[in-house]
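Here is the structure we will look at.
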Amino acid sequence: MQIFWKKEFKCPVCSNEFEAVRVFSNAVIVKKRDTDFMPIYEGINALYYQMVTCPVCLFTAFESDFQTELTAKQKDLLMKALEKTKRIGRPNLSENRDISDAAVMFSIAAVIYTLLGASRKAAECYLKLGWLFRQNHDFAEEKKALQKALDHFENYYINEEITSQEEPMVLFYLGELNGRLANKKKAVEWFSLLVQRFDSSSLYARKARERWQDIRQSLRKTQGGNAV
Ligand SMILES: [Zn+2]
């Protein structure tokens, strides 16, 4: 079975035209998912190939954002930032990339989305960066990335117009990330808001109910039987 193909892109920052490695969707097999939906793949790890990077200026984003028109001011801002991000390292963009290449790509993209004021996408990049560290058993770095993801999700929920389609996902991660970062009471608050606002037709509301129970049980154990 063929795993990779190449797609042409034009960089919205430096206008370089290049080909990026993409993965055929039928080559991706999700074996199971962690409680925060982190996929565990069998075979190719699709997370390594999710982001697209311009090999010249290292602009890195989700595929669809390569069609975004940036203003001259935004381009200038990103070019300056990208010069600095080159210190993070230059990722291997071939088919043979590894977990550290993918971590560099998500790190650069997180910086870019933060600068563009796109909190939800910055949060997603930090979340996936956290997943890469978890898969690498680097739990200290995972925690740092998840904290940044949480900060961006919070900022997004408080300051942006959120569609009802997106809201369950954002509420779920506010609960789940607080739970993973040992803010269990906050996790319970966000999960309870999610299950109040959305019924079980939402996958996120169903998962939140499960996670809420897990956390309440663990709190009961640590508090010697007191219910939350
Ligand atoms: Zn570029």
Side-chain angles (χ1 to χ4, degrees), residues 30 32-41 45-48 50-51 60-65 102-103 105-136 138-219 228:
V30 178
K32 60 177 185 172
R33 286 185 188 272
D34 209 342
T35 55
D36 62 355
F37 296 103
M38 178 187 84
I40 315 279
Y41 295 104
N45 188 331
L47 277 177
Y48 293 7
Q50 188 177 6
M51 307 311 282
T60 303
F62 294 105
E63 192 175 308
S64 59
D65 288 325
M105 293 170 84
F106 278 114
S107 300
I108 296 174
V111 170
I112 287 170
Y113 286 121
T114 304
L115 287 170
L116 292 175
S119 301
R120 195 200 58 74
K121 286 181 181 174
E124 184 178 342
C125 291
Y126 280 121
L127 174 67
K128 289 179 174 173
L129 182 62
W131 289 352
L132 291 176
F133 287 127
R134 190 182 309 160
Q135 290 173 8
N136 215 20
D138 186 346
F139 301 113
E141 286 300 318
E142 178 197 347
K143 209 173 154 188
K144 283 190 213 164
L146 296 187
Q147 181 63 56
K148 286 182 182 163
L150 175 60
D151 294 344
H152 282 280
F153 274 124
E154 250 172 16
N155 184 40
Y156 186 64
Y157 192 74
I158 293 164
N159 298 313
E160 307 284 331
E161 286 276 329
I162 297 186
T163 61
S164 57
Q165 214 181 355
E166 217 174 34
E167 193 178 354
M169 180 275 287
V170 176
L171 286 172
F172 174 78
Y173 281 108
L174 287 171
E176 178 68 17
L177 294 175
N178 268 303
R180 283 180 174 266
L181 293 165
N183 311 319
K184 300 215 165 164
K185 288 196 170 169
K186 274 195 177 172
V188 168
E189 284 167 23
W190 287 113
F191 283 144
S192 68
L193 184 62
L194 172 51
V195 299
Q196 274 164 36
R197 292 174 62 87
F198 296 90
D199 64 24
S200 55
S201 62
S202 158
L203 166 72
Y204 289 106
R206 288 201 302 276
K207 192 75 187 172
R209 215 165 257 127
E210 251 177 68
R211 299 293 288 150
W212 189 9
Q213 293 303 331
D214 294 345
I215 291 173
R216 280 162 64 104
Q217 270 170 15
S218 74
L219 281 172
V228 181

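- Residue pairs meeting the salt bridge (charged side-chain N to carboxylate O under 4.0 Å, His left out) criterion with at least one partner in residues 106-118, sequence neighbours excluded, are absent.
- A search for side chain to side chain contact (heavy atoms under 4.5 Å, CB included) contacts involving Ser201 returns Asp199, not counting sequence neighbours.
- The shortest side-chain heavy-atom distance between Leu146 and Leu127 falls under the 4.5 Å cut-off.
- The two residues Leu177 and Ala149 make their nearest non-hydrogen contact at CD1-CB, 3.9 Å.
- Atom CG of Leu171 sits about 7.5 Å away from atom CD1 of Ile162, to the nearest 0.5 Å.
- With sequence neighbours left out, the side chain to side chain contact (heavy atoms under 4.5 Å, CB included) criterion links Thr163 to Gln165, Glu166.
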Applying salt bridge (Lys or Arg N to Asp or Glu O under 4.0 Å) to Glu189 and Lys186, what does each step give before you reach the verdict? CA-CA 5 Å; Glu189 284 167 23; Lys186 274 195 177 172; over 6 Å; no
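- Among residues two or more places apart in sequence or in another chain, the side chain to side chain donor-acceptor pair (under 3.5 Å) test is passed with Lys207 by Glu210.
- Distance check, rounded to the nearest 0.5 Å: CG of Asn178 to CH2 of Trp190 gives 8.0 Å.
- When the side chain to side chain donor-acceptor pair (under 3.5 Å) test is applied to Lys143, no partner is found at least two apart in sequence or on another chain.
- Scanning both residues, Arg33 and Pro39, for their nearest heavy atoms gives NH1-CB, 3.7 Å.
- Here Glu176 pairs with Arg180 in a salt bridge; the nearest charged N to carboxylate O distance falls below 4.0 Å.
- Distance CZ/Phe191 to NZ/Lys184: 11.0 Å, rounded to 0.5 Å.
- At a threshold of 4.5 Å between non-hydrogen side-chain atoms, the residues Leu194 and Trp212 do not count as touching.
- Of all heavy-atom pairs spanning Ile215 and Gly179, the tightest one is CD1-CA, 4.3 Å.
- By the side chain to side chain contact (heavy atoms under 4.5 Å, CB included) test, Gln147 is found to be paired with Leu150, Asp151, Leu181, residues two or more places apart in sequence or in another chain being considered.
- Residues Met51 and Ile108 form no side-chain contact, since every pair of their non-hydrogen atoms from C-beta on lies 4.5 Å or further apart.
- Applying the side chain to side chain contact (heavy atoms under 4.5 Å, CB included) test to Ala61 and every residue at least two apart in sequence or in another chain returns Phe59, Asp65, Phe66, Tyr113.
- Of all the heavy atoms in Arg206 and Ser200, the pair that sits closest is NH1-O, 2.7 Å.
- By the side chain to side chain donor-acceptor pair (under 3.5 Å) test, Ser119 is found to be paired with Asn155, residues two or more places apart in sequence or in another chain being considered.
- Every side chain to side chain donor-acceptor pair (under 3.5 Å) that Glu167 has, sequence neighbours left out, goes to Tyr157, Arg197.
- Counting all heavy atoms, side chain and backbone alike, Phe133 lies closest to Ala145 at CD1-CB, 4.4 Å.
- At a threshold of 4.0 Å, the pair Lys121-Glu124 does not count as salt-bridged, since none of the basic side-chain nitrogens sits closer than that to a carboxylate oxygen.
- Using a 4.5 Å heavy-atom cutoff, the side chains of Thr114 and Tyr126 are in contact.
- Remark: Arg134 CZ to Leu132 CG distance equals 10.5 Å, nearest 0.5 Å.
- Taken to the nearest 0.5 Å, the CD atom of Gln135 stands 6.0 Å off from the CD1 atom of Ile40.
- What you find for Tyr48 and Met105 is that their closest heavy atoms are O-SD, 4.3 Å.
- For Tyr204, the ring pair (Phe, Tyr, Trp, His ring centres under 6.0 Å) partners two or more places apart in sequence, or in a different chain, are Phe37, Phe172.
- Residues meeting the ring pair (Phe, Tyr, Trp, His ring centres under 6.0 Å) test with Trp131, sequence neighbours left out: none.
- Scanning for salt bridge (charged side-chain N to carboxylate O under 4.0 Å, His left out) contacts around Glu154 gives an empty result, with sequence neighbours left out.
- Arg120 CZ to Cys125 SG: the interatomic distance, rounded to the nearest 0.5 Å, is 9.0 Å.
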